[in-house]
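These notes are about the structure you will find just below.
In what follows, every heavy atom counts, from backbone to side chain, and hydrogens, waters and symmetry copies are set aside.
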Amino acid sequence: MAKYVCMGAMLKCTFGQIPSTLMVTNPLRPMIQNKPKATIMDFAPMVNIMPFGMCTSLSNPTVASATSAAMGVLTPMPCIPVIVAPWAPGGKQLITNMPALLDNCKLMCAFGGSISINMPGHTCNSEGK
């Protein structure tokens, strides 16, 4: 059963080298263990989605350029997420008129990375109680 996600959830990108943490910037939401619940709209780069260390995607122009300069040897460059659409699919419960973010949702980076939720940010059951 999917779990609700809240501030502090651990995220992973398929092209990132380290995990990242979800930031929920609206404190006026229902809470789980004193942490605000997230919605599918918590996807803003550098606000909600922090960098994943170094990026290894050749679709990232800085990685492609550095790799070309290194004569084809993959050269990771600093991650700056480029996200253009909300988390999907989202939960049935609405939080501030938006679908709740569940730990089975995914997010796509414009450079081809798939961002998933490794840990929802709390230790509650599936109802978030």
Worksheet item: Are Asn48 and Val24 close enough, and set up right, to give a side chain to side chain contact (heavy atoms under 4.5 Å, CB included), and what steps lead you there?
Response: CA-CA 6 Å; Asn48 305 115; Val24 178; 5.6 Å; no

Worksheet item: Between the side chain of His122 and the main-chain N/O of Tyr4, is any donor-acceptor distance below 3.5 Å?
Response: yes

Worksheet item: If only atom types and distance count, is the side chain of Ser57 paired as donor or acceptor with the main-chain N or O of Phe111 below 3.5 Å?
Response: yes

Discussion item. With a 4.5 Å cut-off on side-chain heavy atoms, are Leu74 and Thr56 touching?
Written reply: yes

Worksheet item: Would you say the side chain of Ile95 lies within less than 4.5 Å of the side chain of Pro30, judging by non-hydrogen atoms?
Response: yes

Response to the item:
What one should report as the nearest heavy-atom pair of Pro81 and Pro45 is O-CB, 3.2 Å

Discussion item. Is any side-chain heavy atom of Arg29 closer than 4.5 Å to one of Thr39?
Written reply: yes

Discussion item. Return the NZ to CD1 distance between Lys106 and Ile117, rounded to the nearest 0.5 Å.
Written reply: 8.0 Å

Discussion item. With heavy-atom distances below 4.5 Å as the criterion, would you say the side chains of Met50 and Thr21 are in contact?
Written reply: no

Response to the item:
For Gly121 and Cys6 the tightest heavy-atom approach is O-SG, 3.3 Å

Practice prompt. Could you check Lys37 against Asp42 for salt bridge (charged side-chain N to carboxylate O under 4.0 Å, His left out), going step by step and ending with a plain yes or no?
Written response: CA-CA 10 Å; Lys37 282 185 178 180; Asp42 291 316; over 6 Å; no

Worksheet entry | Within one Ile-Leu-Val-Met-Phe-Trp-Tyr cluster: Ile40 and Met108, side-chain cutoff 4.5 Å | no

Worksheet item: Taking C-beta and beyond as the side chain, do Phe43 and Leu107 meet within less than 4.5 Å on heavy atoms?
Response: yes

Worksheet entry | Joint cluster assignment, Leu102 & Trp87, ILVMFWY side-chain distance < 4.5 Å | no

Worksheet item: Do Met98 and Ile83 share a hydrophobic cluster, counting only Ile, Leu, Val, Met, Phe, Trp and Tyr and linking them when any side-chain heavy atoms are less than 4.5 Å apart?
Response: yes

Fill in: Nearest non-hydrogen partners of Thr75 and Ala66, listed with the distance
OG1-O, 3.6 Å

Practice prompt. Evaluate the side-chain proximity of Leu94 to Pro99: yes if any heavy-atom separation is below 4.5 Å, no if none is.
Written response: yes

Worksheet item: Which atom names give the shortest non-hydrogen contact between Pro36 and Met31, and what distance separates them?
Response: N-SD, 3.3 Å

Practice prompt. Measure the spacing between CG of Asn60 and SG of Cys109 and express it to the nearest 0.5 Å.
Written response: 7.5 Å

Worksheet item: Linking Ile, Leu, Val, Met, Phe, Trp and Tyr through side-chain heavy atoms less than 4.5 Å apart, which residues share a cluster with Met10?
Response: Met119

Worksheet item: Does any non-hydrogen side-chain atom of Pro78 lie less than 4.5 Å from one of Met54?
Response: yes

Worksheet item: For Leu101 and Leu22, which heavy atoms make the closest approach, and how far apart are they?
Response: CD2-CD2, 3.9 Å

Worksheet item: Are Cys79 and Gln17 side-chain neighbours, meaning at least one heavy-atom pair lies under 4.5 Å?
Response: no

Worksheet item: Do the side chain of Ser65 and the main chain of Pro61 share a donor and acceptor less than 3.5 angstrom apart?
Response: no

Fill in: Side-chain donor or acceptor of Thr14 paired with backbone N/O of Ser114 under 3.5 Å
yes

Worksheet item: For Ile80, does the CD1 atom sit with more than 12 other heavy atoms under 6.0 Å from it, leaving out its own atoms?
Response: no

Worksheet item: Which distance, rounded to the nearest 0.5 Å, do you find between the CE of Met1 and the CG of Asn104?
Response: 10.0 Å

Response to the item:
Residues passing the side-chain contact (heavy atoms from CB on, under 4.5 Å) test with Cys13, sequence neighbours excluded, are Phe15, Phe52, Ile115

